[in-house]
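All remarks here apply to the structure that follows.
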Amino acid sequence: MIQFSTLIIMVLILGFMWGGLAYCLRLAWKSEQNDNL
Amino acid sequence: MAKIEQFSSRWALLLATLGMAIGAGNIWRFPRLAGEYGGVFLIPWAFFLILWSVPLIMVEFALGKKTRKGPIGAFADFLGKKYTWMGGFVTLCTMGIMFYYSVVTGWALKYFLSAASGALNGVDHSVYWNTFTSSGIQPVMFHLVSITLASVIIYQGILNGIERANRILLPSLLLLLIVGAVRSLTLDGSSAGLEYFFGFKTEALYNYKMWLETLSQSAWSTGAGWGLVLTYSVYMREKEDITLNSFLTGFGNNSASLLAGLVIVPAVFALAGTIGAVGGDLGAEKFAAAEAALRAGNEGLGFIVIPQLFSKLPASTLLTSFFFLALFFAALSSLIAMMELSTRMLMDFGFERRKALPIIAVLCAVLGIPSAYSMTFFKNQDWVWGLGLIISGSFFAFAAIKTGVNTFRETYLNRPENNVHVGRWFNVVMGVFIPVEAAILMLGWFYREWDVVAWWDPTRPFSLATCLLQWGTLILMLLIFNSWIYDRVSGKESKA
């Protein structure tokens with residue numbers, strides 16, 4: 001059974017890294033779309 | 001001067017940069033450390049991404065894009081003649097790593113072939129590994145095959161070689177890691193691994209080794225300060241962004257590390273009770289077996305424990321093959337970047353790619369042989385040049401500091417083509433944090449490996465003296481030939 005504090009760290013770390021990556025990819029995608037217009 | 005090739009798009013540049021950054025260290029070093037220290041390790045590791053890796057990647061991108069030369073030419077053009085040797089150190093330090101990294105790539109290839117052919121089934125993995133590494137001829141042969149594969153790719157150039165290879169290698173690597181993570185997380189007992197991976201162990205906070213390891217992992221894993229990002233940025237389009245690409249490289253690399261951790265740590269905990277003499281289902285014994293497995297060292301975890309654990313699963317041949325194929329792809333895409341850096345160096349000296357590459361391939365083949373033959377030599381080189389990367393990183397920070405961190409930020413980072421505005425935080429990180437971190441890393445590692453009796457003995461693989469001797473010899477040679485090197489990379493040799 002996973003403890004609550006472990007769950008919080010897991011969400012924070014995965015959220016920061018994977019969320020950060022997803023956010024940067026979205027910015028890059030939008031920038032490329034604008035360049036192509 | 002021939003027109004420099006360019007990556008066809010931002011995505012092509014990013015795939016190459018991520019292929020460079022995501023290497024063997026993400027797959028065997030990160031899970032081992034994260035497993036050892038738990039969630040306490042992961043929090044500073046996330047902060048150091050911003051406090052070390054991303055700013056240095058920005059500096060590398062900026063130098064490569066401005067000068068369109070490899071590290072030696074970039075330092076010569078950007079900082080002036082008397083700093084050319086710094087670019088030389090960055091280049092030769094990464095080449096020092098390349099000479100043994102091709103051996104690691106060869107190990108991964110050998111194990112992939114062994115796993116796929118079923119040769120790993122039913123063997124004693126410890127004996128298999130020791131027999132392989134001590135056989136001499138086999139590690140050398142696979143080291144040569146790895147160099148040949150990387151050379152064939154680089155020979156085709158940026159567009160047809162490096163870009164095309166990374167379009168296949170990186171997505172395949174990520175797919176293999178995702179499949180592995182899903183399998184690992186669906187094993188009975190994998191939640192114990194998650195608890196261990198993300199659990200907050202307060203005692204680790206007071207362990208200086210944890211802080212040293214977390215900063216080191218950030219420094220080594222993203223490729224910041226190696227000169228490899230700089231090399232790829234030579235081929236970036238003029239309108240290409242620097243700042244957002246730096247964040248993407250950092251976040252992408254660390255996301256892949258987490259994925260690798262989710263493959264290995266839960267699997268180790270789910271299966272640890274099934275290995276060796278420690279077997280059994282008792283919680284404490286199983287836990288101890290899992291901890292012991294994670295502390296088996298990089299090679300021990302990657303080449304002994306993982307195949308041993310995966311052999312207990314249904315479809316173990318397929319799963320083990322996937323793991324080593326992922327490791328091979330990760331290592332090969334990083335080896336390609338290192339060989340391209342070396343090739344770029346000779347191209348800056350006036351060689352054509354097709355003449356420069358065979359020279360580098362032969363050099364790599366010959367100078368990698370001692371590491372393929374001797375694990376002691378391999379570990380010595382890993383220690384000396386791995387630590388040398390801290391010096392390389394400091395040189396990039398020096399380039400920004402000498403320019404003036406604010407001037408550097410406004411002139412090279414906050415340009416119209418860059419997608420993210422870099423705030424004043426960059427000035428503080430580059431001007432204060434990175435020099436302090438570099439000093440802490442250097443002193444911390446020497447303290448950790450300090451040998452009271454024989455620190456002065458350069459024949460000891462982990463002594464202070466072996467580092468000072470090898471770095472000192474390199475720096476001395478570079479200083480002696482500084483003017484000669486500068487004249488050649490700056491195209492002034494005919495006037496000299």
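To find a chain, count down the sequence lines: A is the first, B the second, and so on, and within it residues start at 1. This is a predicted model, so every value here is computed, not measured.
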Revision key, fill the gap. Those residues of residues 39-48 of chain B that come under 4.5 Å of chain A on a heavy-atom basis, listed by number, are Gly39(B), Leu42(B), Ile43(B), Trp45(B), Ala46(B)
**Study point:** When Leu248(B), Asn245(B), Leu262(B) are compared by non-hydrogen pairs under 4.5 Å with chain A, the top option
**Key:** Leu248(B)
Check your understanding: Who are the side-chain hydrogen bond (donor to acceptor under 3.5 Å, both in side chains) partners of Gln3(A), not counting sequence neighbours?
Key -> none
Point to revise | Between Asp241(B) and Thr243(B): side-chain donor-acceptor atoms closer than 3.5 Å | key: yes
**Study point:** Heavy-atom contact with chain B under 4.5 Å, split by part of Leu7(A)
**Key:** neither
Exercise for review: Quick one: closest heavy-atom pair of Trp211(B) and Leu205(B), and the distance?
Suggested key: NE1-O, 2.9 Å
Review point. Is the side chain of Ser216(B) donor-acceptor paired with the backbone N or O of Leu212(B) at a distance under 3.5 Å, no angle test?
Key: yes
Exercise for review: Could you check if a side-chain atom of Arg29(B) sits within less than 4.5 angstrom of a side-chain atom of Arg32(B), using non-hydrogen atoms only?
Suggested key: yes
Check your understanding: chain A contacts: which residues in residues 166-184 of chain B have a non-hydrogen atom closer than 4.5 Å to it?
Key -> none
Exercise for review: Report yes if the side chains of Leu14(A) and Leu258(B) come closer than 4.5 Å at any heavy-atom pair, otherwise no.
Suggested key: yes
Review point. Do the two ring centres, one from Phe247(B) and one from Tyr23(A), sit under 6.0 Å apart?
Key: no
Exercise for review: Could you walk me through whether Phe61(B) and Tyr232(B) pass the ring pair (Phe, Tyr, Trp, His ring centres under 6.0 Å) test, one step at a time?
Suggested key: CA-CA 8 Å; Phe61(B) 266 132; Tyr232(B) 278 162; 9.6 Å; no
**Study point:** Under 3.5 Å donor-acceptor, Ser218(B) side chain and Leu215(B) backbone
**Key:** no
Exercise for review: Measure the CG-CD distance between Asn419(B) and Glu240(B) for me, rounded to the nearest 0.5 Å.
Suggested key: 9.0 Å
Practice item. Kindly confirm or rule out a cation-pi arrangement of Lys201(B) over Tyr196(B), judged by NZ or CZ under 6.0 Å from the six-membered ring centre and within 45° of its axis? Key: yes
Check your understanding: Between the side chain of Arg409(B) and the main-chain N/O of Val422(B), is any donor-acceptor distance below 3.5 Å?
Key -> yes
Point to revise | Residues of residues 6-28 of chain B near chain A, each having a heavy atom less than 4.5 Å away | key: Arg10(B), Trp11(B)
Point to revise | Short side-chain to backbone donor-acceptor contact, Lys65(B) and Met236(B), under 3.5 Å | key: no
Review point. Do the side chains of Ser221(B) and Asn253(B) get nearer than 4.5 Å, heavy atoms only?
Key: yes
